[in-house]
Amino acid sequence: MSNQETLGFQAEVRELLKLMIHSLYSHREIFLRELISNASDANDKLRFESLGKPELLAGDTELAVWIEADKDKGTLSIRDNGIGMSREEAISHLGTIARSGTAEFFKKLSGDEQKDSKLIGQFGVGFYSAFIVAERVEVLTRRAGLPAGEGVRWASSADGEFTVETLEREQRGTTIVLHLKEDAKEFLDTWRLRSLVRRYSDHIAFPVRMPKEGEATLEYEAVNRGTALWARPKSDIKDEEYTEFYQYLTHDPGEPLTWSHNRVEGKREYTSLIYIPGSAPFDLWQRDGARGLKLYVRRVFIMDDAEQFLPLYLRFVKGVLDSADLPLNVSRELLQTDSEVEAMRTALTRRVLEMLAKLAKDDAAKYQGFWNEFGTVLKEGLAEDHANREKLLPLMRFATTNQQDDAESTSLADYVARMQTGQDKIYYVVGETLAAARSHPAIEGLRARNVEVLLLGRRIDAWVMDHLQDFEGKKFRDASRGDLELGSLASAAEKEKAEAAHHKPLLKRVKDSLGDRVSEVRVSSRLKDSAAVLVAGEHDMSAPLRRALEAAGQAAPPSKPVLELNVDHHLVKYLEKRESDEEFGDLALVIYEQATLAEGAQLPDPGAFVQRLNKLWSRLE
C-alpha cells in the first residue's frame, strides 16, 4: 500500500450522508438493489469498451456480480469484474456528486421517511445508500487495463472524510465491503439476501452469484434469472415481471401506467420495451438533461440514454431498445444522422402515441393521472412535431368555462360535441394562470352566449396554441386576438351596435387621448361586464406569448394592441359625457390601464395609475 491521503467530502455529500444515516431508514434493503445495479452498470461499461479493446477482458470474459456475507466479521461484500476505477475516478465518483439536480433531492425530502427512502435511486446517489446499513464502507477497485499495482482502496466511516490509497490488486473490477451496523445484521442472512436479489435484481443481464447453500466448498450459484426480459416471449412474461423490470430499470419504486413490448422483423429488426411512468421525475423540466432509452445492439450494451430514438417531448418515456441492425461501433453523432435510426424513431414515436391513445380510451381516470403529471410536456409536441400533430391533438386535455374547477379534463372531441348551433370555431383564451384566463374580459361575451371556451394558464400555452390551425374541421380562435368571427352567434342588434356611426366621435376622442399606446379603438362584441379590453391585432403576436419571449430574454416584434370599449358600460357612458379634456384624458387612460392589468400585463408606472384613480374618485365626491 502507498500514497495514502485523507480527503474531505464535497459539502453536498456530507449533508447527504447525514440524511442517509439519520433519516432514510424506512426501506433500508434498497441499498442492495443500488449496489447490484451499480455493479451491473460497471459490467455493461466494460463489455462496451471491450468491443474496441478486447484486451480489457484479459481472459476473464464471464461477467457477473458476487455477494458474500461473513457473519464472523460482520461484513457484506458486493463484487463485480467490470470496468473498475482508477485512483482519480474513485476520488471523483465517490467523493463528489457530479450529477445535476442534487439540490432537487434535498428539496424533495419532507421528513416522511417512507417516501424519502424511495428517492435514493431516482436521484443517482445509490452508492451512498450503503451508509444506511454500514458504519464503515471500503471500496477495493482496479480499472480494466491498468497494471495490478494500480489498484485502489477507498474507505470512509461517513464522518466527513474518506481515505484513498494505492494497493496491489490482481482482480479488475470493484469490491464494496460493508461493515454492517449492529441493527443491520439481518443482511448477513443468506435467505434474506437471496430474496432481495430475486425481488429487486432478478432481471439484471448478468448472473448475481452467492455461495451454494449448505456447501462447505466455495462454489457459487446464480440467484437471479439473469436473462434479458425483453428477449423473452411476451406470452411467458407476467405483469408482475414487467413491473419489477421497470422498477429495476428506472429506480422508481412505483408502478408504470402502461407498457408496450414489441418485436419488429423484416427490413429492420429490433425489440423495444417501453414504459409510461406513473409519476414525473424530478428533472422533467431539464430539457437538456439525460433522457432516452437504454440501447443494446444484439444484447450488447451501448448507452444508457439513447435520446435519438424519441423526440424531446416524450422524454418521460423509459425503456429498452435492442437492435440487430445498428453497427456496434456507432457513435452518438452517427446515431443522430443514421437513416435506420430515423426510421426507428418514427416507429417508436408512433407506438408511444398509440399507447397513450389506448390508455385514454380504456381508462380515462388513469389517463387523467398521466395528463396531470406529463400533459404540459406532451403539449410541446404540438409545436415541435408537425408530422404527429393529428395524433397529439386528441390526447390534449383542457380546463373550460363549462367546468367549476380548473381540472384539465376536457378533450377536444368533448368540446366539439358540446358546441353551440351555428358555432364553427374552437374558442380559447390564454392567461398567466387558469384563474386569470377564466376571468379574462375577452371571453365575457362568449360566456354570455353560453359558448364554451378553452382556458389555458401555463407559460407554454401561448407558444403552443400559435401552432394550431384546426381540429376536425373546426378552426381554433384566440378570443383575445383580432375579430372574434362570431358569425351567426352574433345578433343583428350587436352587429348594428358595433357599426353605429354615433360611437365614432367617442372612439376618435379616446384614440387621440391614448396616442400611440394603441393602434385602434373600436366598439367591442367581446364584453359584457367590463368597460374595456385590450386585444392583439389579427396578425400580431399575442400578449401572453410576447411576455413569455421577453421573460426568456428574447426580443418580440413591435406591435400595439387594439382597445375595445363596452359602450353600454356605465363607466364608458360617464367618459363620453366628460367635456374637460383633462378629465376625459385621465379617465380614458385609467380605463386603458385597467384593461392592461386585466390581460395580465404590468403597468410601466403603477404609482401614476393610483394617483389618477384617486384624482378621479375625488371628482366624484
Side-chain angles (χ1 to χ4, degrees), residues 1-39 42 66-80 84-99 102 105-106 109 113 116-117 119-121 123-142 151-169 173-189 192-193 196:
M1 300 182 186
S2 61
N3 298 331
Q4 179 173 329
E5 57 181 326
T6 301
L7 302 169
F9 281 110
Q10 181 192 44
E12 284 186 325
V13 176
R14 288 198 296 270
E15 186 176 353
L16 179 63
L17 288 175
K18 291 179 183 177
L19 287 166
M20 290 290 182
I21 296 169
H22 299 295
S23 299
L24 307 182
Y25 284 125
S26 297
H27 290 77
R28 299 196 298 176
E29 68 219 35
I30 65 164
F31 83 92
L32 189 63
R33 177 194 72 186
E34 295 303 313
L35 296 182
I36 292 175
S37 181
N38 288 348
W66 292 264
I67 299 176
E68 296 179 74
D70 189 326
K71 294 183 178 180
D72 294 333
K73 295 182 179 179
T75 61
L76 179 66
S77 300
I78 296 91
R79 172 169 60 91
D80 66 71
M85 290 180 282
S86 66
R87 183 186 182 101
E88 292 73 20
E89 288 170 333
I91 294 172
S92 174
H93 296 344
L94 306 181
T96 64
I97 301 178
R99 178 175 175 176
T102 307
F105 174 86
F106 295 120
L109 293 176
E113 291 180 349
D116 294 344
S117 67
L119 295 172
I120 292 171
F123 281 82
V125 293
F127 168 75
Y128 304 102
S129 65
F131 289 100
I132 295 176
V133 297
E135 59 187 10
R136 176 175 170 78
V137 176
E138 289 183 89
V139 179
L140 309 174
T141 184
R142 177 171 70 84
V152 180
R153 182 198 302 274
W154 180 100
S156 177
S157 299
D159 54 2
E161 296 180 337
F162 62 89
T163 61
V164 61
E165 59 185 324
T166 302
L167 55 78
E168 188 81 18
R169 179 176 169 84
T174 301
T175 302
I176 298 177
V177 182
L178 310 182
H179 298 262
L180 297 178
K181 300 174 183 177
E182 283 300 320
D183 63 353
K185 294 299 175 67
E186 63 181 286
F187 297 110
L188 295 175
D189 181 81
R192 176 91 161 105
L193 292 171
L196 290 177

How close do [X] and [Y] get, counting heavy atoms only, and between which atoms?
X: A130; Y: L178; answer: CB-CD2, 3.6 Å
X: L180; Y: K185; answer: O-CE, 3.6 Å
X: L196; Y: F187; answer: CD1-CE2, 3.8 Å
X: E5; Y: I91; answer: OE2-CD1, 4.0 Å
X: A155; Y: E138; answer: CB-CG, 4.1 Å
X: R87; Y: V164; answer: NH2-O, 3.5 Å

* Centroid separation F31 to F131 less than 6.0 Å ->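 They do not qualify: ring centres at least 6.0 Å apart.
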Contact between [X] and [Y] at the side-chain level, heavy atoms closer than 4.5 Å - yes or no?
X: M85; Y: R142; result: no
X: V137; Y: F162; result: no
X: R153; Y: L140; result: yes
X: T166; Y: V152; result: no
X: T141; Y: W154; result: no
X: V177; Y: H179; result: yes

What distance separates [X] [atom1] from [Y] [atom2], expressed to the nearest 0.5 Å?
X: I67; Y: D80; atom1: CD1; atom2: CG; answer: 11.5 Å
X: E165; Y: N3; atom1: CD; atom2: CG; answer: 9.5 Å
X: E29; Y: E186; atom1: CD; atom2: CD; answer: 8.0 Å
X: R33; Y: S129; atom1: CZ; atom2: OG; answer: 8.0 Å
X: L7; Y: L94; atom1: CG; atom2: CG; answer: 11.5 Å

* Asked: Quick one: side chain to side chain donor-acceptor pair (under 3.5 Å) partners of T175, sequence neighbours excluded?
  ->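 Partners of T175 under the side chain to side chain donor-acceptor pair (under 3.5 Å) test: R169.
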* With sequence neighbours excluded, residues passing salt bridge (Lys or Arg N to Asp or Glu O under 4.0 Å) with E135 ->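 Once residues adjacent in sequence are excluded, E135 has no partner under the salt bridge (Lys or Arg N to Asp or Glu O under 4.0 Å) criterion.
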* Tell me, with the steps shown, if T174 and R79 meet side-chain contact (heavy atoms from CB on, under 4.5 Å). => CA-CA 6 Å; T174 301; R79 172 169 60 91; over 6 Å; no
* Asked: Any side-chain donor-acceptor pair under 3.5 Å between R136 and S156?
  -> no
Between side-chain atoms of residues 68-76 and protein atoms elsewhere (two or more places apart, or another chain), which donor-acceptor pairs fall under 3.5 Å?
residue, atom, partner, partner atom, Å
E68, OE1, Y220, OH, 2.9
E68, OE2, Y220, OH, 3.3
D70, OD1, D72, N, 3.1
D70, OD1, K73, N, 3.0

